[in-house]
Amino acid sequence: MKNKNEMMKRLTLLAIILIGSLSIEAQNYNVAIRDMQNIMDINSAVNIKERLDVEGSPYVQDKFEPIKLKGLEAKVSAKYNAYLGQMHLKAGEEVISLNVNSDYEVKFIGQNKTYRTFSYKSLARKSERGFLVVIKETDKFQLLKEELIIFKNKIPAKNSYVREVPAKYTKGSDTYYFMLNDEVVHFPTKKKDLIKAFPDIEKKLKSYIKDNKLSTKKESDLIQIAEYISSNSEDTKEGDEK
């Protein structure tokens with residue numbers, strides 16, 4: 001019975017998506033059905049419940065926003081849960097979480113913001129797989145960003161003179177990554193660590209940052225630094241990766 005109900009939910013989701021996608025041309029109709037069915041087959045349903053006792057939100061976006069999902073013709077919306085590291089896709093009342101082990105590209109149309117799934121080495125040197133924001137890309141490199149939201153537990157009042165601090169979601173510090181030579185590694189935002197991360201051009205990089213008065217705390221400056229590193233080193237990798 002459970003499997004039958006699940007199948008009915010999936011068929012309902014598929015129907016809702018296709019009905020809402022009237023712009024799909026007739027010759028692409030079967031393609032849309034196939035693509036959406038494939039997505040539902042490899043991704044899991046999500047039951048979203050807003051917690052009224054928690055301040056803030058685990059999502060980067062305030063609401064589900066229109067997206068373009070590479071390889072899918074149907075019109076859908078999504079928002080990114082940066083606490084769980086999950087991309088939630090919605091059509092009608094149904095929500096699914098995209099499987100990070102598959103290759104996905106999600107572009108938020110209104111924000112002109114693109115997420116992709118990558119395999120990468122985390123700050124703790126652990127192998128990870130998840131959605132990263134594409135900040136800048138060329139045919140040589142990609143500068144990427146991991147968004148993070150942290151959950152802080154409620155702090156009970158110790159006495160009648162101290163107020164209780166409610167549980168809340170709060171934005172954490174973004175972590176940047178650099179894809180060069182088909183490898184995604186951590187891109188430090190501390191100037192000293194960043195310079196040491198690329199020993200082959202350490203002196204040149206230090207001078208470049210100083211001469212151009214660049215800050216590793218500004219995303220626009222990080223883009224400029226990444227472009228310099230890419231253009232000045234063909235085989236650069238983080239020092240410890242050698």
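This structure is a prediction, so every number in the text was calculated from the model and none was measured. Heads up: numbering here begins at 1 and tracks the sequence.
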Please round to the nearest 0.5 Å and tell me the distance separating atom [atom1] of [X] and atom [atom2] of [Y].
X: F108; Y: K79; atom1: CZ; atom2: NZ; value: 10.0 Å
X: L222; Y: D174; atom1: CG; atom2: CG; value: 10.5 Å
X: R129; Y: N99; atom1: CZ; atom2: CG; value: 9.0 Å
X: I225; Y: T189; atom1: CD1; atom2: OG1; value: 10.5 Å
X: K217; Y: S173; atom1: NZ; atom2: OG; value: 8.5 Å
X: Q224; Y: I209; atom1: CD; atom2: CD1; value: 10.0 Å

Atom [atom1] of [X] with >12 non-hydrogen neighbours under 6.0 angstrom:
X: K168; atom1: NZ; value: no
X: D62; atom1: CG; value: no
X: K68; atom1: NZ; value: no
X: K190; atom1: NZ; value: no

From CA spacing to verdict: side-chain contact (heavy atoms from CB on, under 4.5 Å), V133, T114: CA-CA 6 Å; V133 181; T114 300; over 6 Å; no
Decide side-chain contact (heavy atoms from CB on, under 4.5 Å) for K136 and T138; before the verdict, give the C-alpha distance in whole Å, the side-chain angles of both, and the deciding distance to 0.1 Å. CA-CA 7 Å; K136 176 72 176 183; T138 69; 4.2 Å; yes
Result of checking I67, I96, V106 against V76 for side chain to side chain contact (heavy atoms under 4.5 Å, CB included): I67
Is there a path of hydrophobic side-chain contacts, each under 4.5 Å between heavy atoms of I/L/V/M/F/W/Y residues, joining [Y] to [X]?
X: Y169; Y: L84; value: yes
X: F198; Y: L214; value: yes
X: F141; Y: I135; value: yes
X: L69; Y: V60; value: yes
X: I195; Y: I201; value: yes

Relative to each other, are the rings of F64 and Y59 parallel, tilted or perpendicular (30° and 60° limits)?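 Tilted: the ring planes of F64 and Y59 meet at 30° to 60°.
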Contact check, side chains of [X] and [Y], non-hydrogen atoms, under 4.5 Å:
X: E65; Y: I109; answer: no
X: V184; Y: L144; answer: yes
X: S122; Y: H186; answer: no
X: N112; Y: K107; answer: yes
X: V134; Y: Q142; answer: yes
X: Y104; Y: F131; answer: yes
X: M179; Y: Y120; answer: no

Ignoring hydrogens, what is the shortest heavy-atom contact between [X] and [Y]? Give both atom names and the distance.
X: T216; Y: K191; answer: OG1-N, 3.5 Å
X: E219; Y: Y176; answer: OE1-OH, 2.6 Å
X: K140; Y: L180; answer: O-CD1, 3.4 Å
X: S77; Y: P66; answer: CB-N, 4.1 Å
X: Y80; Y: G85; answer: OH-CA, 3.4 Å

So, Y115 versus E147: side-chain donor-acceptor pair below 3.5 Å or not? yes
Check against side-chain contact (heavy atoms from CB on, under 4.5 Å), E146 and E128: CA-CA 11 Å; E146 179 183 22; E128 302 282 356; over 6 Å; no
Intermediate values then yes/no, side-chain contact (heavy atoms from CB on, under 4.5 Å), S97 and M87: CA-CA 6 Å; S97 176; M87 185 66 70; over 6 Å; no
Side-chain donor-acceptor pairs under 3.5 Å in residues 149-167, sequence neighbours left out?
unit_1: N159; atom_1: OD1; unit_2: Y161; atom_2: N; d: 2.8
unit_1: N159; atom_1: OD1; unit_2: V162; atom_2: N; d: 3.2

Side-chain donor/acceptor of S230 to backbone N/O of A226, under 3.5 Å: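 It does not hold such a pair.
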Any pair counted as ring pair (Phe, Tyr, Trp, His ring centres under 6.0 Å), so long as it reaches residues 200-233, sequence neighbours left out: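 Qualifying pairs: Y208-Y228.
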Would a line drawn from the ring center of F178 to the ring center of F187 be shorter than 6.0 Å? yes
